[in-house]
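See below for the structure under consideration.
Here the structure is a predicted model, which means the values were calculated and not measured.
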Amino acid sequence: LLIIATDTPDFISPSTASVVQNKMGLTNATSFDTNTACAGFPTAFTLANSLIAAEERYKKVMVMGAYGMSRFLNLQDKKTVTLFADGAGAVILEPTEEAGKGFLSSDLRTRGEYHKHMGIYTGAAADPSTEKKVNEKQHCLQFVEKFPKELNPKMWSDMIRTVCERSGEDVSDVKHVFITQININQIWETLDILGLPHETAPTIMDRYGYTGSAAIPMVFDESYRNGDVNEGDLTVFIGSGGGLHFGACAYRF
């Protein structure tokens, strides 16, 4: 199974997952896309683990976060062009019989009252693209209204507590928080609320920019390659994105 989390697909239809499945030669894999914007990776991660638990035939599942937002930026809009970047990252999941390891719990939330605050609002059924709109840059990513600055830290800290509680774990035992790379001050505020040291949540935004649904697997990959993730570590993957969507899952290596 291949699941791709993206809100910058190759096409409205068909799915980007079918394109990647063909390019990679994954002839035995079925595939689909998910779109919860920058919360896409923990959402897809949760879906993958749920399917592994429910269906014995899923022996290997690739979960990919892919982001190509540079194609949708207005180069004259300093609010977006200096922030968003492109990237991709993936993990491969397998079932395990070992108790207390692997996927532990998740928490997925939607705050739909914020769906008009930020997004790409043309090109689909609600407002199809036209040549005039393309020329006016209306097809680009737009920040329409400001989000409350306290929203992410409040939601992230509550969701981390929730997934730990559902897993029977203590927040103080969390070794890593791989969190969406949108704002370092909001990341630190979240950790301060939870009483966790700042190094619990590594960052890559200073080198790669904000890579949306790819940010979490990218920062995880760097930590994993550096040898910072060890067997038995309690880990939380958490992100938020346009919609607003929020996703978190607890995992033990």
Side-chain angles (χ1 to χ4, degrees), residues 2-5 38-50 52-53 59-67 87-108 156-157 159-184 186-188 190-240 246-253:
L2 167 65
I3 305 174
I4 295 184
C38 307
F41 184 79
T43 302
F45 198 85
T46 298
L47 281 169
N49 282 279
S50 298
I52 288 173
K59 301 300 185 184
K60 293 183 186 294
V61 181
M62 178 182 286
V63 180
M64 182 182 298
Y67 203 64
V91 298
I92 297 177
L93 304 174
E94 297 178 305
T96 179
E97 300 294 335
E98 193 170 351
K101 285 219 173 169
F103 185 81
L104 301 176
S105 68
S106 67
D107 188 21
L108 305 177
W156 292 343
S157 58
M159 292 176 74
I160 292 170
R161 288 193 186 103
T162 297
V163 294
C164 286
E165 181 180 342
R166 290 175 179 172
S167 305
E169 305 284 355
D170 195 285
V171 171
S172 62
D173 292 328
V174 173
K175 298 297 184 184
H176 313 283
V177 178
F178 296 112
I179 194 165
T180 194
Q181 300 285 294
I182 186 67
N183 186 305
I184 196 169
Q186 292 181 356
I187 292 174
W188 288 345
T190 300
L191 297 174
D192 290 342
I193 291 170
L194 297 171
L196 294 171
H198 287 184
E199 56 266 26
T200 306
T203 57
I204 58 171
M205 61 186 76
D206 57 315
R207 284 162 287 143
Y208 300 109
Y210 182 50
T211 54
S213 54
I216 295 172
M218 285 175 65
V219 69
F220 164 69
D221 179 70
E222 180 165 287
S223 293
Y224 187 81
R225 289 173 186 268
N226 289 342
D228 298 329
V229 181
N230 300 301
E231 186 174 358
D233 284 355
L234 178 61
T235 300
V236 176
F237 300 91
I238 183 166
S240 57
F246 297 83
C249 49
Y251 195 93
R252 187 179 293 280
F253 285 89

Scanning both residues in full, the closest heavy-atom pair of Ala201 with Leu191 reads CB-CD1, 3.7 Å

How long is the straight-line distance from OH of Tyr208 back to CD of Glu222, given to the nearest 0.5 Å? 5.5 Å

For the atom pair CG (Leu2) and CD1 (Ile92), what is the distance rounded to the nearest 0.5 Å? 10.0 Å

Rounded to the nearest 0.5 Å, what's the gap from CG on Leu234 to CG on Asp170? Could you check? 9.5 Å

With side chains defined as the heavy atoms from C-beta onward, is the minimum distance between Thr180 and Trp156 less than 4.5 Å? yes

Are Cys249 and Asn49 packed together at the side-chain level, in the sense that at least one heavy-atom pair is separated by less than 4.5 angstrom? no

Can you see which heavy atom on Pro42 is nearest to which on Leu108, and at what distance? O-CD2, 4.4 Å

Please collect all side-chain hydrogen bond (donor to acceptor under 3.5 Å, both in side chains) contacts where either partner lies in residues 93-103, sequence neighbours excluded, each pair once. Lys60-Glu94, Lys101-Glu231

Donor-acceptor contact below 3.5 Å, side chain Asn226 vs main chain Asp228: no

Do the non-hydrogen side-chain atoms of Asp107 and Phe246 ever get within less than 4.5 Å of each other? no

Any chance you could lay out the side chain to side chain contact (heavy atoms under 4.5 Å, CB included) test for Phe45 and Ser106, step after step, and finish with the verdict? CA-CA 9 Å; Phe45 198 85; Ser106 67; over 6 Å; no

Step through it carefully: locate the ring centre of Phe220, locate the ring centre of Phe253, and say whether they are under 6.0 Å apart. yes

Distance-only, no hydrogens or angles: does the Gln181 side chain make a donor-acceptor pair with backbone N or O of Ile204 under 3.5 Å? yes

Spatial distance of atom CD1 (Ile160) from atom CD1 (Ile238) [nearest 0.5 Å]: 4.5 Å

Please examine the side chains of Val236 and Glu169, heavy atoms only from C-beta on, and report whether any two atoms are closer than 4.5 Å. no

Test item: Thr46 and Phe103 side chains (from C-beta on) under 4.5 Å apart, heavy atoms: yes

Once you measure the plane-to-plane angle for His198 and Trp188, does it fall in the parallel (<30°), tilted (30-60°) or perpendicular (>60°) bin? parallel

According to the salt bridge (charged side-chain N to carboxylate O under 4.0 Å, His left out) rule, which pairs have a member within residues 191-203, sequence neighbours left out? none

Gap between atom OG of Ser240 and atom CD of Gln186 - 0.5 Å precision: 7.5 Å

When every non-hydrogen atom of Ile4 is compared with those of Ala66, the smallest separation belongs to CG2-CB, 4.3 Å

Here the gap from Thr211 atom OG1 to Ile182 atom CD1, rounded to the nearest 0.5 Å, amounts to 9.5 Å

Identify the heavy atoms of Gly239 and Ala39 that sit nearest to each other, and give their distance. O-CB, 3.7 Å

More than 12 heavy atoms from other groups under 6.0 Å of CZ on Arg225: no

Quick one: does Arg252's side chain have a donor or acceptor within less than 3.5 Å of a partner on Asp233's backbone? no

Closest heavy-atom pair, Ala5 versus Ala44, reported as atoms and distance to 0.1 Å, is CB-CB, 4.1 Å

Hey, would you say the Phe41 and Phe178 ring centroids sit under 6.0 Å apart? no

For a quick test of reading the model, state the closest non-hydrogen atom pair linking Leu196 to Ser172 and the distance between them. CD2-CA, 4.3 Å

Spell out, as yes or no, whether a donor-acceptor pair under 3.5 Å connects the side chain of Thr190 to the backbone of Ser157. no

